[in-house]
Amino acid sequence: MAKYLNDVSRTFGEYLLIPGLTTKECTPSNVILKTPLVKCAVGQKPDIELNIPFVSAIMQSVSGTELAIELARNGGLSFIFCSQPVDDQAEMVRKVKKFKAGFVVSDANVRPEQTLADVIKVAAATGHSTIGVTDDGTSNGRLEGIVTSRDYRIEKDPLDLKVKDFMTPFSKLVYAQSGVSLNDANNILWDHKLNALPVIDSDRRLAYFVFRKDYDSHRNNPEELSDATKKLLVGAGINTRDYSERVPALIEAGADVLCIDSSDGYSEWQKETLRWTKAKYGDAVKVGAGNVVDSEGFRFLVDAGADFVKVGIGGGSICITREQKGIGRGQATSLIDVVRARDEYASKSGVYVPICSDGGLVHDYHMALALAMGADFLMMGRYFARFDESPTKTLRVGNNYVKEYWGEGSNRAQNWQRYDSGGTETLKFEEGVDSYVPYAGKMKDNLAITLGKLKATMCSCGATTIKDLQQNAKITLVSSTSIVEGGAHDVILKEQNM
């Protein structure tokens, strides 16, 4: 007969944190949210460490280039979605790596022989007022000059005016050579009262622009997640079908970490993918795996070589795996079980394998609960899909603005690789829905509020680091009546617009 488990499948909404002693040191400004992303020896620093415990989900509707850049600038990391051709995914990774904090690859360029009409069209399409003029009109062509909004007047200048006749020519430009530090580049900007500084290589090819407006932006992102060369970190999803082609392309593009994207990670397909990658690249390439919901699945993936393990099946807001297949487990119970296995493994082997909690987050306080229960970082889809930086459209539905949001298990994503069971190349039935989420504006503004809540909760628990929270948090189950009591009750709420 089947094996029956005695524990109840529980969610984060069934638990609360008990306050601990809040010392004078427990203030939000003292809270450090650094956390390991990949495995390491117990007590040692990992090769990759997040500055905030958030990563974005491996989804078409979430993790595009713009969101990956913005999340890395704020201390987290994105996993570029893999339900697309290999070359397209690699190019998205490459764009993030080319961003290089403070150094911007020009995506607004024209040739000298083009016209003012072309300049206006490029400016409208890209939203940029500074346009590079290169011999071939590409972002790394030979620099001939630049055009800004001060170089022409739409009302008076003819639209067929040649760019070469109104641009600021190279001979009059102040520029820097490749290899210049960001600090020196900013000094040149300020010394010469410039808004933009082109950076060229030894052949006079345009490499980057450094903008005055980015100086404050860089200063305002102290948690930026970047490598020794100031390039932003970025992850990428892979599947268990075309990994022998996809992994090399992503590594060549500069991906810092990979993650196998699957609704069920306890499979021989993931084992083969991990072992192939480790055999070819060794520990130089970091690969996460999942998803699993119990200790057996965790140990299986760790033994196969996983650098971190993702936990959660069926808890995502657009996931209907439990409804369709009857498999899964409450996110809180899954996490508690896997964390116990993680800690036992660390004690016996001396190797700490980080755990990523994926799904089941309904409220912001659930994030603190997940971390207190032992997760090292959280993967989120719905949370990030709401922001300007996500790749989907902003629409007006009724009186509300929304963003499109669909699951990788939906027919819209057509991501059959994620549900690979060794069969034919097709999506037999859906395990995700196509939906909307309320539009929330810019990531940075919302992230500041969320992190503020997380830090305040940690201070109430007497913790200033995630490790402190995990070791000292007190957690209690709540009744259904207690859940009702926790919200506004027995009052008549005022209308928001009264």
Side-chain angles (χ1 to χ4, degrees), residues 11-13 52 54-71 73-74 76 78-81 83 124-127 312 314-324 331 358-370 378-415 430-454 456-457 483-484 486-498:
T11 66
F12 293 132
I52 63 172
F54 296 165
V55 299
S56 66
I58 311 170
M59 300 173 68
Q60 293 176 3
S61 56
V62 179
S63 293
T65 301
E66 188 176 353
L67 189 131
I69 290 172
E70 187 63 15
L71 183 52
R73 299 194 77 187
N74 284 277
S78 287
F79 285 91
I80 302 294
F81 64 92
S83 50
T126 62
S317 60
I318 43 72
C319 183
I320 54 174
T321 295
R322 298 179 194 174
E323 178 182 310
Q324 291 282 56
Q331 188 66 11
D358 178 16
L361 301 173
V362 180
H363 304 291
D364 281 0
Y365 83 88
H366 290 169
M367 300 177 187
L369 270 167
L378 316 174
M379 177 172 280
M380 298 182 288
R382 179 187 60 84
Y383 179 85
F384 290 113
R386 304 172 300 145
F387 302 146
D388 284 327
E389 295 83 1
S390 75
T392 63
K393 297 177 182 177
T394 302
L395 307 171
R396 185 168 182 171
V397 177
N399 293 321
N400 300 309
Y401 285 97
V402 297
K403 295 271 286 185
E404 293 181 297
Y405 180 48
W406 61 90
E408 289 299 293
S410 66
N411 276 319
R412 180 170 182 172
Q414 297 182 333
N415 188 8
E430 291 186 288
E431 293 185 44
V433 298
D434 199 340
S435 63
Y436 300 117
V437 289
Y439 169 67
K442 292 186 179 298
M443 179 198 296
K444 190 174 184 66
D445 298 337
N446 288 274
L447 198 57
I449 295 171
T450 298
L451 294 175
K453 291 180 184 179
L454 176 57
T457 301
I483 293 173
V484 173
H489 61 90
D490 301 319
V491 294
I492 299 172
L493 296 178
K494 294 181 179 180
E495 293 292 337
Q496 295 295 319
N497 298 320
M498 284 183 63

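What you see below is based on every heavy atom in this structure, not just the backbone, and it leaves out hydrogens, waters and symmetry mates.
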Criterion side chain to side chain contact (heavy atoms under 4.5 Å, CB included) on L378 and L361, from CA distance to verdict: CA-CA 9 Å; L378 316 174; L361 301 173; 4.1 Å; yes
Dump the intermediate steps for side chain to side chain contact (heavy atoms under 4.5 Å, CB included) on Q331 and T11, then the final yes or no. CA-CA 5 Å; Q331 188 66 11; T11 66; 5.9 Å; no
Would V362 and F12 satisfy side chain to side chain contact (heavy atoms under 4.5 Å, CB included), going step by step from the backbone distance to the final call? CA-CA 8 Å; V362 180; F12 293 132; over 6 Å; no
Side chain to side chain contact (heavy atoms under 4.5 Å, CB included) evaluation trace for F81 with V62: CA-CA 8 Å; F81 64 92; V62 179; over 6 Å; no
Tell me, with the steps shown, if Q60 and S83 meet side-chain hydrogen bond (donor to acceptor under 3.5 Å, both in side chains). CA-CA 7 Å; Q60 293 176 3; S83 50; 2.9 Å; yes
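Here N74 pairs with E70, K444 under the side-chain hydrogen bond (donor to acceptor under 3.5 Å, both in side chains) rule; sequence neighbours left out. Shown here are the side-chain contact (heavy atoms from CB on, under 4.5 Å) partners of T450, two or more places apart in sequence or in another chain: F54, D364, M367, Y383. When the ring-ring contact (aromatic ring centres under 6.0 Å, His included) test is applied to Y365, the partners found at least two apart in sequence or on another chain are H363.
K403 places a side-chain N or O within donor-acceptor distance of the main-chain N or O of T392, the cut-off being under 3.5 Å. Not a single donor-acceptor pair under 3.5 Å links the side chain of R386 to the backbone N or O of M443. Between the side chain of S390 and the backbone N or O of A385 there is at least one donor-acceptor pair closer than 3.5 Å. Side-chain atoms of D445 never come within 3.5 Å of backbone atoms of G441 as a donor-acceptor pair (strictly under, hydrogens ignored). Remark: the backbone N or O of A440 is paired with a side-chain donor or acceptor of N446 at under 3.5 angstrom. With hydrogens and angles disregarded, no donor-acceptor distance shorter than 3.5 Å links the side chain of S63 to the backbone of S78.
With contacts defined as side-chain heavy-atom distances shorter than 4.5 Å, the pair R396/V402 does not qualify. When side chains are defined from C-beta on, K442 does not count as touching F387, because their heavy atoms never get closer than 4.5 Å. Using a 4.5 Å cut-off on side-chain heavy atoms (C-beta onward), M59 and W406 make no contact. L67 places a side-chain heavy atom less than 4.5 Å from the side chain of F384.
The nearest pair of heavy atoms linking E404 to L395 is CG-CD1, 3.8 Å. Of all non-hydrogen atoms in I80 and A68, the two that sit nearest each other are CD1-CB, 3.9 Å. The two residues I52 and L447 come nearest to each other via the heavy atoms CD1-CD2, 3.9 Å. Taking every heavy atom of both residues into account, Y405 and S61 meet most closely at CD1-OG, 3.3 Å.
With values rounded to the nearest 0.5 angstrom, T394 atom OG1 is found 6.0 Å from D388 atom CG. Atoms CE and CG, on M380 and L71 in that order, are 8.0 Å from each other to the nearest 0.5 Å.
Taking the six-membered ring where tryptophan is involved, the planes of Y401 and Y439 are perpendicular, since the angle between them exceeds 60° and thus also 30°.
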